[in-house]
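Here the structure is laid out as structure tokens; the discussion comes afterwards.
Keep in mind it's a predicted model, so treat the numbers as computed, not measured. Labels below follow one simple rule: chain letters A, B, ... track the order of the sequence lines, proteins then strands, and each chain is numbered from 1.
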Amino acid sequence: MRPGAVKGTYDILPEDQPRWRALFETAARVLGRAGVEEITTPVFEHREVFDKSVGDSADLVVQKEMYTFQDRGGRWLTLRPEFTAGVLRAFIEHGMHTRPLPVKLWSAGPAFRAENVQRGRFRQFHQVNCELVGGGSALLDAEAIALLVDVFAALGLPGVHVKVGSVGDPDDRERYNAYLREVLSPQREQLSETSRERLRLNPLRLLDSKDESDQMLLAPLHRPLDLLGPEARAHFDEVTAALGSWGVPFEVDRSIVRGLDYYRRTAFEVHHAGIGAQSALGGGGRYDGLLANLGGPDLPGIGWAFGVERVLDALHGEGAELGEREQTLAYLVPLDPEAVPEVARLARTLRAEHRIEHGYVARNPGKGLRDADRSGARLAVLRGSRERAASAVVVKDLRSGEQVSVALDDLPAHLRAVAGRPVSEGTATTSGGLAR
RNA sequence: GUGGAUGUAGCUCAGCUGGUUAGAGCACCGGAUUGUGGUUCCGGGGGUCGAGGGUUCAAAUCCCUUCAUCCACCCCA
């Protein structure tokens with residue numbers, strides 16, 4: 001069997017590229033206007049970078065899902081499973097804490113997780129990531145959330161649901177975990193097996209259970225948001241007040257939860273109903289303390305990421321098309337061998353202004369026009385012995401069928417004029433269509 | 001790691017309970033049309049029927065194994 005693309009990876013074909021490009025360009029524009037600057041970091045890092053950002057979590061699963069390997073020099077490296085750790089590593093390495101704070105950085109590119117594949121979940125996938133580093137103000141939390149929403153809006157994606165919650169400060173989390181243990185331990189026999197395990201290791205995650213009877217048990221309980229300390233509560237209220245005053249639509253999610261320990265206070269997710277079971281387009285949160293964990297200054301930060309594949313899936317489902325392929329203006333047809341180098345040279349000069357393609361072997365007019373048609377070009381430009389004798393070319397509009405002889409010297413002006421006109425309506429005339 | 005569905009031409013699929021040489025549409029190539037395309041008509045090339053094994057006179061079809069894809073569970077930075 002010949003090998004196909006590796007499980008969980010796929011090819012982005014030429015016809016898909018405009019969508020991808022348009023998405024990245026839109027994100028760059030929206031974020032750029034907010035003063036967020038682009039940073040590109042390597043796709044792999046020393047494994048400690050991700051181990052430190054992720055590793056002290058109770059969930060060892062997370063580590064199992066990282067692509068970690070040893071290079072020829074014996075270095076342990078990890079393909080990035082997310083952007084935050086690498087971006088913060090770069091932030092620290094380049095002393096960016098000396099820049100005006102907060103430092104706002106966005107990135108885009110592939111990331112890797114050794115997960116099982118399903119809709120919206122791949123082993124190599126793509127994210128757009130944004131980090132606002134060095135500010136603890138609730139206004140930054142609100143700005144981060146608003147920016148994420150703004151990007152979706154600029155993409156023309158309807159139907160997004162923004163959920164905002166808070167996991168509180170570390171004290172709050174401990175208190176909440178203790179609360180869950182206290183309330184649920186007497187009823188542990190009624191919990192599902194995995195939930196019993198979670199009760200022991202990481203009670204917070206119980207809230208994620210999809211088991212119906214679990215949810216029945218959990219329903220009457222307080223949520224993290226209900227038991228926030230006064231400071232975290234005030235912070236949360238400031239965030240929601242800012243979002244409200246900016247007109248950013250969101251709903252408060254009392255039970256929002258993060259899997260990793262470094263998250264503090266604000267946590268948020270954006271969901272979309274039309275993309276299968278993995279309905280989260282993106283999400284993020286505040287990670288005060290993470291920077292210090294990575295050996296940097298003790299600065300707070302907040303960030304988010306969204307999954308490019310999922311957003312494109314959602315856009316497709318909503319019928320929102322994104323990006324267009326540039327149409328070839330003219331396809332140059334050599335009608336005899338002598339014309340081949342002539343059209344090649346001509347194409348090179350015309351390309352200064354337009355997208356131009358041409359044939360590489362002599363064709364009769366029938367085949368040549370078919371080639372031109374299939375290239376998607378607006379015009380076919382024919383060059384053969386008759387045209388040569390007149391120092392001209394024949395230019396045929398492939399939609400209307402009209403054709404004219406144009407002197408070589410006049411061709412640039414002619415093409416410019418056509419390019420400035422809207423594409424002529426109507427499918428080409430039938431049969432004859434040929435000017436005599 | 002677990003479960004379900006699906007694997008037949010480049011693509012989308014048909015092929016019923018086993019029975020001649022495995023089909024269609026689209027796509028591709030050629031001709032009708034040797035200086036005029038996209039429509040139409042005619043013709044053509046393309047397949048280890050995912051792979052391996054088994055049952056049978058006979059397997060795309062039934063059985064087993066395996067691989068892959070999709071969806072879901074698990075998990076989710």
Side-chain angles (χ1 to χ4, degrees), chain A residues 1-8 10 13 49-66 78 80-86 111-122 125 127 129 192-195 197-198 202 205 208-211 257-263 267 269 275-280 282-285 287 290 303-305 307 310 331 333-336 339 362-377 379-380 382-387 394-403 426-436:
Chain A
M1 280 277 280
R2 65 172 189 274
V6 173
K7 187 186 188 75
Y10 57 92
L13 300 178
V49 172
F50 298 112
D51 288 351
K52 276 184 186 162
S53 76
V54 128
D56 51 344
S57 161
D59 291 312
L60 285 165
V61 188
V62 166
Q63 290 218 39
K64 293 203 100 149
E65 293 187 341
M66 293 198 287
T78 296
R80 65 181 174 208
E82 51 139 353
F83 281 67
T84 304
F112 308 84
R113 295 179 192 175
E115 297 184 287
N116 237 339
V117 172
Q118 71 187 82
R119 183 172 182 184
R121 176 174 280 186
F122 308 90
F125 59 102
Q127 289 191 327
N129 182 268
S192 66
E193 198 177 326
T194 54
S195 288
E197 188 69 3
R198 281 170 168 173
N202 194 358
R205 299 216 62 91
D208 279 344
S209 175
K210 284 173 186 165
D211 187 281
V257 159
R258 294 278 93 147
L260 300 186
D261 293 340
Y262 57 71
Y263 280 105
E269 292 172 1
I275 57 172
Q278 300 299 316
S279 66
Y287 47 74
L290 176 57
W304 51 251
R310 292 185 190 179
Y331 183 99
V333 180
L335 295 177
D336 58 29
R363 293 289 239 173
N364 63 45
K367 292 284 187 296
L369 283 168
R370 197 182 52 165
D371 293 344
D373 187 50
R374 289 203 285 197
S375 78
L379 304 173
L382 306 180
R383 172 74 172 182
S385 56
R386 295 181 197 171
E387 291 74 18
V394 165
V395 177
K396 177 160 186 169
D397 185 309
L398 291 168
R399 303 288 181 297
S400 68
E402 290 166 27
Q403 84 178 34
T427 48
T429 50
T430 47
S431 65
L434 33 132
R436 302 224 154 228

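- When the C1' atom is used for both B:rA22 and B:rU61, the distance is 12 Å, rounded to whole Å.
- Contact between A:Ala380 and A:Leu369 at its shortest, heavy atoms only, is CB-CD2, 3.6 Å.
- A:Ala277 comes within contact range of the sugar-phosphate backbone alone, with a heavy-atom separation under 4.0 Å but no base atom that close.
- For B:rC28, the OP1/OP2 oxygens have a side-chain nitrogen or oxygen of A:Arg374 closer than 4.0 Å.
- Closest approach to the A:Arg119 side chain among B:rC75, B:rC71, B:rU36 is made by B:rC71 (side chain taken as heavy atoms from C-beta onward).
- Here A:Glu387 pairs with nothing under the salt bridge (charged side-chain N to carboxylate O under 4.0 Å, His left out) rule; sequence neighbours left out.
- If you take atom P in B:rC62 and the same atom in B:rG18, they sit 8 Å apart, rounded to whole Å.
- The nucleotide whose nearest atom lies closest to any side-chain atom of A:Val394 is, among B:rC70, B:rC29, B:rU36, B:rU36.
- Atom P of nucleotide B:rA72 and atom CD1 of A:Ile275 are separated by 10 Å, given to the nearest angstrom.
- The shortest distance between side-chain heavy atoms of A:Lys396 and A:Leu382 does not fall below 4.5 Å.
- Applying the Watson-Crick and G-U wobble criteria (two distances, each under 3.5 Å), B:rC57 pairs with B:rG19.
- Rounded to whole Å, atom P of B:rC76 lies 12 Å from atom CD of A:Glu269.
- Here the side chain of A:Asn116 is nearest to one of B:rC73, B:rG35, B:rG37, namely B:rC73.
- Whole-Å rounding puts the A:Glu82 CD to B:rC76 C1' distance at 12 Å.
- Between the base of B:rG35 and the side chain of A:Gln403 there is no donor-acceptor pair shorter than 3.5 Å.
- Whole-Å rounding puts the A:Asp373 CG to B:rA27 P distance at 12 Å.
- Counting to the nearest Å, the P atom of B:rC74 and the CD atom of A:Glu65 are 13 Å from each other.
- Separation of atoms CZ (A:Arg310) and CZ (A:Arg119) is listed at 11.0 Å; rounding is to 0.5 Å.
- In this structure, A:Asp336 and A:Ala362 approach most closely via the heavy-atom pair C-CB, 3.5 Å.
- Within the nucleic acid shown, A:Gly276 comes within 4.0 Å of sugar-phosphate atoms alone, with no base atom in reach, counting heavy atoms only.
- Between the C1' atoms of B:rU17 and B:rC26, the separation comes to 32 Å (whole Å).
- Distance, A:Gln278 CD to B:rA72 C1': 10 Å, rounded to whole Å.
- Taking the P atoms as reference points, B:rA24 lies 15 Å from B:rG47, given to the whole Å.
- Across B:rG7 and B:rA51, the matching C1' atoms stand 11 Å from one another, rounded to whole Å.
- Side-chain atoms of A:Glu82 and A:Met66, non-hydrogen and from C-beta on, never get closer than 4.5 Å to each other.
- When distances are taken from the side chain of A:Tyr263 to each of B:rG30, B:rG35, B:rA77, the shortest belongs to B:rA77.
- Atom C1' of B:rU20 sits at a distance of 14 Å from the matching atom of B:rC57, rounded to the whole Å.
- For the P atoms, the distance from B:rU34 to B:rC71 is 50 Å, rounded to whole Å.
- Side-chain atoms of A:Arg121 lie closest to B:rC74 of the nucleotides B:rG35, B:rC74, B:rG37.
- You won't find any donor-acceptor pair under 3.5 Å spanning the side chain of A:Asp371 and the base of B:rG37, going by distance alone.
- Closest to the A:Lys367 side chain, of the nucleotides B:rA77, B:rC29, B:rG31, is B:rG31.
- Look at A:Gln118 and you won't find any side-chain N or O under 4.0 angstrom from OP1 or OP2 of B:rC71.
- Residue A:Lys7 has no polar side-chain atom (N or O) positioned under 4.0 Å from OP1 or OP2 of B:rC70.
- Atom CZ of A:Arg370 and atom C1' of B:rG31 are 11 Å apart (whole Å).
- Within the structure, every pair that satisfies the salt bridge (Lys or Arg N to Asp or Glu O under 4.0 Å) test and touches residues 365-376 of chain A, not counting sequence neighbours, is listed here: A:Arg363-A:Asp371.
- In the set B:rG30, B:rG35, B:rC75, B:rG35 carries the atom at the smallest distance from any side-chain atom of A:Leu335.
- Shown here, B:rG30 forms a base pair with B:rC42; the pair counts as Watson-Crick or G-U wobble because both key distances fall under 3.5 Å.
- A distance of about 9 Å separates the P atoms of B:rC13 and B:rU8, rounded to the whole Å.
- Between the side chain of A:Arg113 and the base of B:rC75, no donor-acceptor pair of N or O atoms lies under 3.5 Å.
- Protein atom CD of A:Glu115 is 13 Å distant from nucleotide atom P of B:rC74, rounded to whole Å.
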